Number of protein chains: 2
Amino acid sequence: MKKSLLFTALLAAGITGSAWAQEPVNTEMNSRIREEGMNHSQVMDIAFHLTDVAGPRLAGSPGLKRAQDWAVNALKTWGMVGAKRESWGKFGKGWEVQKNYAAITVPYYHAIIAIPKAWTPGTNGPIKGEVMLIKADTTTDLAKYKGKLAGKIIIMDAPALPERQVGHADMSRYTDEQLAEMAKAKMAPAGQAPRRGGPGGNPFAAFARLRALRAALGEFLINEKAALVLSQARGTDGTVFTTNGASYADTAKAVSPELETSAEDYQRILRLVKAGQKVEMEADIKTEFFTKDLDGYDVVGEISGTDPKLKEQVVMIGGHLDSWHAGTGATDNAAGSAVMLEAMRILSRIGYHPKRTIRIALWSSEEQGLFGSRGYVKNHFGDPATMVLKPEQSKLSAYYNLDNGTGKIRGIYLQGDSAARDIFQAWIDPFKDLGATTVTISNTGGTDHQSFDAIGIPGFQFIQDGMDYNTRTHHSNQDTYDRLVEADLKQAATIVASFVYHTAERKDMIPRKALPTPRPAGAPGGR
Amino acid sequence: MKKSLLFTALLAAGITGSAWAQEPVNTEMNSRIREEGMNHSQVMDIAFHLTDVAGPRLAGSPGLKRAQDWAVNALKTWGMVGAKRESWGKFGKGWEVQKNYAAITVPYYHAIIAIPKAWTPGTNGPIKGEVMLIKADTTTDLAKYKGKLAGKIIIMDAPALPERQVGHADMSRYTDEQLAEMAKAKMAPAGQAPRRGGPGGNPFAAFARLRALRAALGEFLINEKAALVLSQARGTDGTVFTTNGASYADTAKAVSPELETSAEDYQRILRLVKAGQKVEMEADIKTEFFTKDLDGYDVVGEISGTDPKLKEQVVMIGGHLDSWHAGTGATDNAAGSAVMLEAMRILSRIGYHPKRTIRIALWSSEEQGLFGSRGYVKNHFGDPATMVLKPEQSKLSAYYNLDNGTGKIRGIYLQGDSAARDIFQAWIDPFKDLGATTVTISNTGGTDHQSFDAIGIPGFQFIQDGMDYNTRTHHSNQDTYDRLVEADLKQAATIVASFVYHTAERKDMIPRKALPTPRPAGAPGGR
């Protein structure tokens, strides 16, 4: 369905422009925002500094600190007030890779593509050892390996790569039909939030059983002094999706060094060992823990409100700045961070003095459980476990989040806040020509707007094209600057800036849903 | 178009079964071949030994020797006679990688995905150095770098990765429409052979200019004692397509160590350096040259003919066993080698005693210019430069080659030998249910059947589904066993065995084209 047909279909369904015609749109301001956002963008330069220059930005790592410092400085340079790193509470240990080398040496030499699992230790210098396959379905199966694993490199069985599917593309965008379906959606029952990231899914499930078994093995391998553990990564063709192999808690118990190994390299080793071929490897892994400051930090900065009656009220935008460690977290989520920074820059650059205060927050430890935004929300707005609110809670009009990769904005999830539908439809309508059309009542999960939604503050995530987020970049070693699509990031920053402008100028705050019921810590419904 | 529609279309076009009905097909023997090939296949085990166990099989390398020895032993085990390695002439130096490590260390640590270019030296131990961007369009531009490159790691400008295309799939098979087009093709004018590898093309061209410039730089970099050269590889997402960085000739002059670097890693370094960021790296590359035996070898073996009048005549099948060095050359061309070995095994296993002698040859140095097959042809059949023939030339009925990856057989290229059309159409017709249908007059180039075609012997390459050959595997670090599709290899071995059977039993040899005109060495029309 072409866009014109879609529009005709909407008209035919009785959804006409008049429904949201009363929500004012400032066309002149939109033009100024567009001019700055589309023709004088700095979003790629911002993204370059957050990715290539800062490096991987795992929570608590020096790379994240570099990116935070750069962002604070950028906000100050653009004239923001109160730009700073702000502790959201205690996180745990920082960690980074300082050497990463592993190779097969017998039956022939082959350097493998593998990434240390986050928060695992190194090998304490170069090691050499024979690969040993452990077959264990239960803890009692381990007895037969007692005394045999010292200095060995451990693997376990893992499924072979499925045959590549004819016509399967890494890259996708929403079709007009898919967007039309989303616009028509009814509210999903509670607890059935759609998965994040647009079309496609995260095939993590196949590894869950294996990971659980490995967890049981952990203590045994430590006691037996295994030299190194290999696990098979999700991904193909040298793309390695990464995870953590140990807790970041300062009290975390010891684990073995562990390499998330490209599926092809892992399967080669596995096939050889299963066939009775001797495989030897060498490795040299060095990782460093940082325990001097266990706090987690967000970056914040503001454009002060100027209306005497409204300047105490706030519009917030944000995204998480932390990433996984194998790439430079370009699409997850330097993209969203860069877009939000650029939106602030645009609004500042055009000389806009908002009625309400505009605040950006770049979260940390999102990847470990939305900790940066949850901590911030708890510190400023209230505790979702008790629903005891702080005064600031009543003054935040809305929070807008971006964290679904490099894809342009195609619309916005209402997160069930039906009273906002006509407002957002009016605001997004001027960006039809840029591909943004859709307001859906649906929830989307998995990122920081949920922390706001949980305390009764309107929190929204934009709909973004899926691109290669689930197939290649999300948490992988291939999440690098190369995957950022300049035209899409410019579009997103322009639309975000416009939404922020209209939220800051609006007569009233964004209408709210009913306050949620208290959700004690540990209850379902979180990330 | 569905197969039934295609068939209807062919009937409508007046091409009916009667055109090739007179060429006999042995249905009972086809059944026995199918039973062994489809239900008792050993093709995956053969491929496992040629890839995982032998390792990379660069011409002249120990890995190729391991695979050759395994193949000779397998042929003997299956009862072939005369199984051996046979020298085709002088090749040059063997070479293999014995250590491969490189990483960015400043502004932060990141191990890169990179492969030493074939026949380049190592770093002579661990090195550390700063990355320096050389901008030079001509040799005279180099003067400004004189005295500044000692111990440096050299990069040059290279194009950024293009945006991934929505809907672009790595994996493809021929559609019925494409096959119907191929069947209808007229003979292409001489010198316009279609590209190898099925749908898609090899985008090597973009790098040609860069490579030419690098060649001019070579001597300068050696004289200036640059520590290491990085070049940007074709490929994305950790997939690295490899080439050679120096000659294999025993008289080749010295070059600098050079790493073909994944595009993402290369571009990251390039972006940083161009932005004025200091980048330092460490590397430890060890490569070994083998000069004890400079000869190149093919593997040969036979099932002896039993018909007193025909046993001096020969049917040959083959494919090249050598590969590039980054992966294990699974689709290029362990696949074809395994299929040909399996075809020999099938014919032997079913107790078939052919009228004509059946010979397999697994070539080497195909990747450097079809040298293994050209040398064999020159030794046995004649010299295409003079067209002076040897007696064996008149006794070889046909040569069948397989070297277009793991995709199943969809038909056969006649290579202009129109007199063979009805024969092959009759022989392929029984395999319609397995997806093999098409006989095309067209040429296909780039592999060893050309060596036979060049001396007037009917030489054929099968049409194979393109799969992910051009997108992921062909010459890349991802050309591993994982990419082999068992069902396709079984199908191919079954069809090849049937073709060989029918060629060996046929009343006459396969009809020939006119003898080519002599083609002096260095003349166009080769690979």
Side-chain angles (χ1 to χ4, degrees), chain A residues 48 51-56 62-63 66 96-101 103 107-111 113 115 160-161 163-173 235-240 262-265 267-268 271-272 275 277 284 286 327-328 465 467-468 472 476-478 480-483 485 487, chain B residues 48 51-56 62-63 66 96-101 103 107-111 113 115 160-161 163-173 235-240 262-265 267-268 271-272 275 277 284 286 327-328 465 467-468 472 476-478 480-483 485 487:
Chain A
F48 168 67
T51 57
D52 287 339
V53 180
R66 283 190 293 270
E96 73 174 12
V97 177
Q98 296 185 347
K99 178 134 194 183
N100 178 20
Y101 167 70
Y108 48 81
Y109 183 87
H110 170 65
I113 298 174
I115 310 286
L161 282 162
E163 186 183 330
R164 218 191 292 276
Q165 295 302 298
V166 170
H168 172 82
D170 283 346
M171 187 80 157
S172 65
R173 290 185 185 270
T236 62
D237 318 299
T239 299
V240 171
S262 73
E264 288 84 359
D265 285 330
Q267 286 290 320
R268 188 196 308 196
R271 287 188 300 266
L272 286 167
Q277 295 274 345
D284 188 0
K286 183 173 192 292
T328 54
D465 275 331
M467 316 297 271
D468 48 2
R472 289 286 171 192
S476 88
N477 63 339
Q478 296 303 322
T480 60
Y481 179 92
D482 313 87
R483 301 278 89 88
V485 179
Chain B
F48 168 67
T51 57
D52 287 339
V53 180
R66 284 191 292 270
E96 71 174 15
V97 177
Q98 295 184 348
K99 178 134 194 182
N100 178 20
Y101 167 71
Y108 47 82
Y109 183 88
H110 170 66
I113 298 174
I115 310 286
L161 283 162
E163 186 183 331
R164 218 191 291 277
Q165 294 302 298
V166 171
H168 172 81
D170 283 346
M171 186 82 156
S172 66
R173 289 185 185 273
T236 62
D237 318 298
T239 299
V240 172
S262 73
E264 287 84 358
D265 286 330
Q267 286 289 321
R268 189 196 305 198
R271 286 188 301 265
L272 286 168
Q277 295 275 344
D284 188 0
K286 184 172 190 292
T328 54
D465 276 331
M467 315 296 273
D468 48 2
R472 289 286 171 191
S476 88
N477 63 339
Q478 296 303 321
T480 60
Y481 179 93
D482 314 87
R483 301 277 90 87
V485 179

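Order of the sequence lines fixes the chain letters, A, B, ..., with proteins taken first and strands second; residue numbering starts at 1 for each chain. Please read these numbers as outputs of a predicted model, since none were measured by experiment.
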Student: Identify, with sequence neighbours excluded, every residue that meets side chain to side chain donor-acceptor pair (under 3.5 Å) alongside B/Asn477.
Tutor: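 For B/Asn477, no residue satisfies side chain to side chain donor-acceptor pair (under 3.5 Å) once neighbours in sequence are set aside.
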
Student: Given that the side chain runs from C-beta out, which part of A/Val485 has a heavy atom under 4.5 Å from chain B: side chain, backbone, both or neither?
Tutor: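 The side chain, not the backbone.
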
Student: With a 4.5 Å cut-off on heavy-atom pairs, point out which of B/Thr480, B/Ile113, B/Thr51 contacts chain A the most.
Tutor: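 Of the options given, most contacts go to B/Ile113.
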
Student: Considering residues at least two apart in sequence or located in another chain, which fulfil the side-chain contact (heavy atoms from CB on, under 4.5 Å) criterion with B/Arg66?
Tutor: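 So B/Arg66 forms a side-chain contact (heavy atoms from CB on, under 4.5 Å) with A/Tyr108, B/Ala54, B/Pro62.
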
Student: Among B/Glu264, B/Arg164, B/His168, which residue forms the greatest number of heavy-atom pairs with chain A at distances under 4.5 Å?
Tutor: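 Ranked by contacts with chain A, first place is B/Arg164.
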
Student: Please look at A/Arg472 and chain B and tell me whether the side chain, the backbone, both or neither of the residue comes under 4.5 angstrom of a heavy atom of that chain.
Tutor: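 When you check distances to chain B, only side chain atoms of A/Arg472 fall under 4.5 Å.
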
Student: Check whether any side-chain heavy atom of A/Arg483 sits under 4.5 Å from a side-chain heavy atom of B/Asp237, and report yes or no.
Tutor: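 A side-chain contact under 4.5 Å exists here.
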
Student: Looking at B/Ala111, B/Ala103, B/Gly238, which has the largest count of heavy-atom pairs under 4.5 Å with chain A?
Tutor: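 Answer, by heavy-atom pair count under 4.5 Å with chain A: B/Gly238.
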
Student: Look at B/Arg271, B/Met171, B/Gln98 and state which one has the largest set of heavy-atom pairs under 4.5 Å with chain A.
Tutor: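 Option with the top pair count is B/Arg271.
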
Student: Which of the residues B/Gln267, B/Gln277, B/Lys99, B/Glu96 is involved in the greatest number of heavy-atom pairs with chain A at under 4.5 angstrom?
Tutor: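 It is B/Lys99.
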
Student: Among B/Val97, B/Leu272, B/Leu161, B/Asp265, who wins on heavy-atom pairs under 4.5 Å with chain A?
Tutor: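 Result: the option with the highest number of such pairs is B/Leu272.
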
Student: Nearest 0.5 angstrom please: A/His110 NE2 to B/Ile115 CD1, how far?
Tutor: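 These two atoms lie 7.5 Å from each other.
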
Student: Distance check, rounded to the nearest 0.5 Å: B/Asp284 atom CG versus A/Asp284 atom CG?
Tutor: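 Result: 10.5 Å between the selected atoms.
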
Student: Any side-chain heavy atom of A/Arg268 sitting closer than 4.5 Å to one from B/Tyr481?
Tutor: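 Result no, sub-4.5 Å side-chain heavy-atom pair not found.
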
